[in-house]
Amino acid sequence: MSDSVRVRFAPSPTGIPHVGNIRTALFNWLFARHYKGSFILRIEDTDVTRKVEGAAEAIFDSLTWLGLDWDEGPGVGGDYGPYFQSQRLEIYQDIAKRLVEGGYVYFCYCSPQRLEEMRREQMKRKQPPGYDRRCRDLTEKERTEFEAQGITPVVRFRMPLEGQIKFQDLIRGEVVFEAATLDDFVLLKSDGYPTYHLANVVDDHLMRISHVLRADEWLSSTPRHIQLYGALGYVPPQFAHLPMILGSDRAKLSKRHGATSLMEYQKQGFLPEAVVNFLALLGWSLDDKTDIISREELVANFSIERVGKAGAIFNHEKLAWMNGMYIRKLSTEEMVQQVMPFLEVGLPKTVTRPISPDYFRQIVPLLQERVRVLGEISELADFFFVEELDYDAELLHKKGMDREGAIAALWVSRERLEACPFDAASLEGVLRPLAAELGLKTGALFGLLRVAVTGRTAAPPLFETMAALGKDRCLKRIEAALARLK
RNA sequence: GCCCCCAUCGUCUAGCGGUCUAGGACGCCAGCCUUUCAAGCUGGAAAUCAGCGGUUCAAAUCCGCUUGGGGGCACCA
């Protein structure tokens with residue numbers, strides 16, 4: 001199989017790609033890389049009316065972000081281009097002509113209004129909606145009459161009226177459809193553009209695609225494609241219909257499911273490696289225990305045989321957990337690189353920019369195991385950057401400690417700290433004994449100082465935090481806390 | 001409505017006739033660690049394997065039916 005594998009990701013630029021689309025791309029990519037085949041990107045822009053500006057770029061960006069590089073397609077070229085279907089119109093028209101000559105198709109002059117009305121009728125009678133084949137056997141005369149009226153026809157495929165259409169799906173096994181339940185679908189629209197069915201089949205053949213891995217939603221159009229391949233004298237590729245990724249309501253992913261666009265995950269601070277890992281495990285598994293798996297291992301082990309059949313709900317919680325796992329694996333340098341952009345946009349405007357990387361390098365290790373999604377970073381770390389802390393004075397004398405006690409403790413602490421070198425070890429050497437001296441539990445003193453210095457009750461370890469903040473800032477904040485208590 | 005697909009803890013999944021009183025992970029709960037929060041570690045609750053019939057010495061695993069869920073049914077992809 002190795003030398004012949006050519007797979008493709010063929011999205012239509014009608015919107016920003018969501019995780020479901022990209023999961024399909026990922027499986028194709030993994031399949032190609034596993035068998036050392038080719039991964040082809042083809043843009044199926046045959047619907048002029050639904051084309052969305054910037055969608056193609058969003059597709060490129062999404063794939064690039066995840067590191068799903070394509071061997072042929074926009075930007076890289078290839079021997080089977082062009083890779084935009086809108087640039088291949090003549091090809092489809094030629095093929096359609098061939099089909100006309102072969103009698104596999106016919107011209108249909110039915111107006112959209114009539115078709116719509118027909119479907120409404122069918123629905124009302126609880127009949128399956130589908131083209132009633134009115135134009136299937138038009139006489140020469142009827143045809144010329146319609147032509148004389150200036151109607152531009154569409155080209156429809158002549159489906160068999162009876163019999164079964166069978167095909168082997170690599171994931172579903174044998175799938176059988178009754179031909180009688182399938183209607184004559186459109187191949188060429190009246191604007192001269194091909195429909196998905198025509199363009200997709202033609203291009204998959206012309207581009208020598210060996211395996212079509214696509215979402216399950218395509219399963220029911222596969223028998224049509226099989227017929228088309230037959231009429232064209234093409235050998236169909238192998239099909240593998242991937243289980244769908246579902247929203248929390250178990251329905252097909254759509255805009256109404258909230259943040260599903262892939263780029264949104266980038267914006268929120270997910271790492272591409274984590275997303276790849278997570279997406280790969282949605283519908284595929286290595287074994288009974290592997291959760292964290294590298295791209296290399298995925299490529300080495302990916303196989304269609306281990307792709308499941310049931311749809312999978314996209315679980316944000318688990319993705320967030322996994323992202324945290326990947327964040328913790330980052331080196332300090334990598335973490336600084338990753339986090340900087342998020343701080344730039346997330347920190348209040350009052351913080352002076354640019355943020356010093358040196359300062360930041362000190363605090364990054366304190367944050368690294370406390371973050372799951374990079375976008376959380378500024379909220380978690382803002383006290384390292386802002387000048388004025390804003391918090392409720394009551395936090396300073398919460399449990400067990402009264403106002404006077406807090407004032408006294410802060411006062412002494414300030415005094416001792418003044419003479420203390422500001423590294424974590426020295427700070428601990430001074431503050432731990434101080435707690436005993438004051439007759440306070442360490443937790444009480446440290447908690448008090450934590451609030452004074454960070455403005456919150458939950459923060460990174462106190463000594464490291466104080467060391468990073470520096471003596472000046474800490475003393476000033478303790479003074480501010482004292483003032484707040486008065 | 002018609003056609004097709006699917007069905008193991010709330011979620012993602014392992015399981016491909018006996019090793020399953022069903023394993024792992026997320027989340028949840030508890031304990032440990034600990035200056036808080038995390039992280040980490042340990043333990044726990046959580047699935048009568050959708051139901052019912054078969055086949056078989058033996059079924060989560062094979063078959064059928066039912067139910068439930070999903071997808072498709074455009075001059076959209």
Side-chain angles (χ1 to χ4, degrees), chain A residues 10-15 44-47 49-50 108 110-112 115-116 119 122-131 152-156 169 171-172 175-178 180-183 185-191 193-197 199-200 215-223 241 243-244 246 248 250-252 278 281-292 305-306 308-322 324 328 366-372 380 428 431-432 435 441-451 454 456-463:
Chain A
S12 67
T14 52
E44 309 220 324
D45 52 348
T46 54
D47 187 346
T49 62
R50 289 206 316 157
C108 169
C110 294
S111 69
L115 294 174
E116 199 182 315
R119 270 190 292 269
Q122 289 165 331
M123 298 284 241
K124 208 159 58 180
R125 291 201 312 265
K126 302 214 181 283
Q127 297 284 303
Y131 183 55
T152 319
V154 301
V155 174
R156 283 186 189 272
D169 186 281
I171 293 171
R172 315 280 150 189
V175 183
V176 184
F177 284 81
E178 288 297 329
T181 64
L182 274 9
D183 70 350
F185 58 104
V186 174
L187 289 182
L188 222 49
K189 311 180 216 175
S190 53
D191 64 1
Y193 275 72
T195 59
Y196 169 86
H197 305 298
N200 189 267
D216 215 12
E217 57 186 321
W218 294 107
L219 189 61
S220 41
S221 39
T222 306
H241 287 91
M244 309 253 285
L246 282 14
S248 46
R250 287 215 153 272
K252 182 175 162 179
F278 180 75
L281 259 23
L282 235 41
W284 178 87
S285 63
L286 175 63
D287 52 31
D288 60 341
K289 51 175 76 64
T290 305
D291 279 299
I292 303 296
E305 296 80 68
R306 292 200 63 85
K309 296 178 176 185
I313 293 175
F314 191 92
N315 185 345
H316 289 260
E317 272 301 315
K318 191 159 183 175
L319 205 213
W321 162 79
M322 198 172 271
R328 268 166 254 129
L366 303 177
L367 268 15
Q368 194 158 3
E369 67 187 32
R370 292 173 171 73
V371 173
R372 299 168 92 202
L380 210 70
E428 181 161 16
L431 293 174
R432 209 172 272 282
K441 284 188 167 177
T442 50
L445 207 223
F446 297 169
L448 170 64
L449 287 170
R450 175 174 300 109
V451 172
T454 69
R456 52 184 72 186
T457 53
L462 183 62
F463 311 128

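Below, read A as the first sequence line, B as the second, and so on, with proteins coming before strands; counting in each chain starts at 1. As the structure is a prediction and not an experimental result, all values here were calculated from the model. All values below were derived from every heavy atom in this structure, side-chain atoms included, with hydrogens, water molecules and symmetry-related copies excluded.
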Not counting sequence neighbours, which residues clear salt bridge (charged side-chain N to carboxylate O under 4.0 Å, His left out) with A:R50? List them please.
A:D47
B:U35: pairing nucleotide in any strand, Watson-Crick or G-U under 3.5 angstrom
none
For B:C37, does either OP1 or OP2 sit under 4.0 Å from a side-chain N or O belonging to A:R456?
no
Can a side chain N or O of A:R250 be found less than 4.0 Å away from OP1 or OP2 on B:G68?
no
Across the strands shown, which category fits A:A459 at heavy-atom distances under 4.0 angstrom: base, sugar-phosphate, nothing?
base
Pairwise 5' ranking along RNA chain B for A:L462 and A:A312, keeping only the more 5' one
A:A312
Taking side-chain hydrogen bond (donor to acceptor under 3.5 Å, both in side chains) as the test, write out the residues that go with A:S221, two or more places apart.
none
Pair A:R172 + A:D216, salt bridge at N-O below 4.0 Å:
yes
What residues form a side-chain hydrogen bond (donor to acceptor under 3.5 Å, both in side chains) with A:E178, not counting sequence neighbours?
A:Q164
Scoring nucleotides 22-30 of chain B by protein non-hydrogen atoms under 4.0 Å (B base, S sugar-phosphate only, - none) yields -BSBSS---
Could you tell me if A:H316 and A:S248 have a donor-acceptor pair between their side chains, going purely by distance under 3.5 Å?
no
How far, in whole Å, is B:C75 from B:U66 if one measures between their C1' atoms?
41 Å
Provide the Watson-Crick or G-U wobble partner of B:A46, both distances under 3.5 Å; none if there is no partner.
none
Sequence neighbours excluded, which residues qualify as side chain to side chain contact (heavy atoms under 4.5 Å, CB included) partners of A:T195?
A:V186, A:K189, A:H197, A:L198
Residue list, side chain to side chain contact (heavy atoms under 4.5 Å, CB included) with A:E428, at least two apart or on another chain
A:R432, A:F463
Please write out each protein N/O paired with an N/O of nucleotides 42-46 of chain B under 3.5 Å, distance rounded to 0.1 Å.
none

Can you tell me which nucleotide in B:C12, B:U35, B:G40 comes closest to the side chain of A:R450?
B:U35
By the 4.0 Å heavy-atom rule, please label A:V176 as base, sugar-phosphate, or nothing.
sugar-phosphate
By side-chain hydrogen bond (donor to acceptor under 3.5 Å, both in side chains) - contacts of A:D45 (at least two apart):
A:S86
Mind checking what makes side chain to side chain contact (heavy atoms under 4.5 Å, CB included) contact with A:P223, not counting sequence neighbours?
A:I165, A:F167, A:F177, A:L182
What pairs with A:Y196 under side-chain hydrogen bond (donor to acceptor under 3.5 Å, both in side chains), at least two apart in sequence or on another chain?
A:N200, A:R214
What does B:A7 pair with, Watson-Crick or G-U, if both distances are under 3.5 Å?
B:U67
By side chain to side chain contact (heavy atoms under 4.5 Å, CB included) - contacts of A:D287 (at least two apart):
A:K289, A:T290
Produce a footprint string for nucleotides 72-77 of chain B: one letter per nucleotide, 5' end first; B if the base is under 4.0 Å from any protein heavy atom, S if only the sugar-phosphate is, - if neither.
SBSBBB
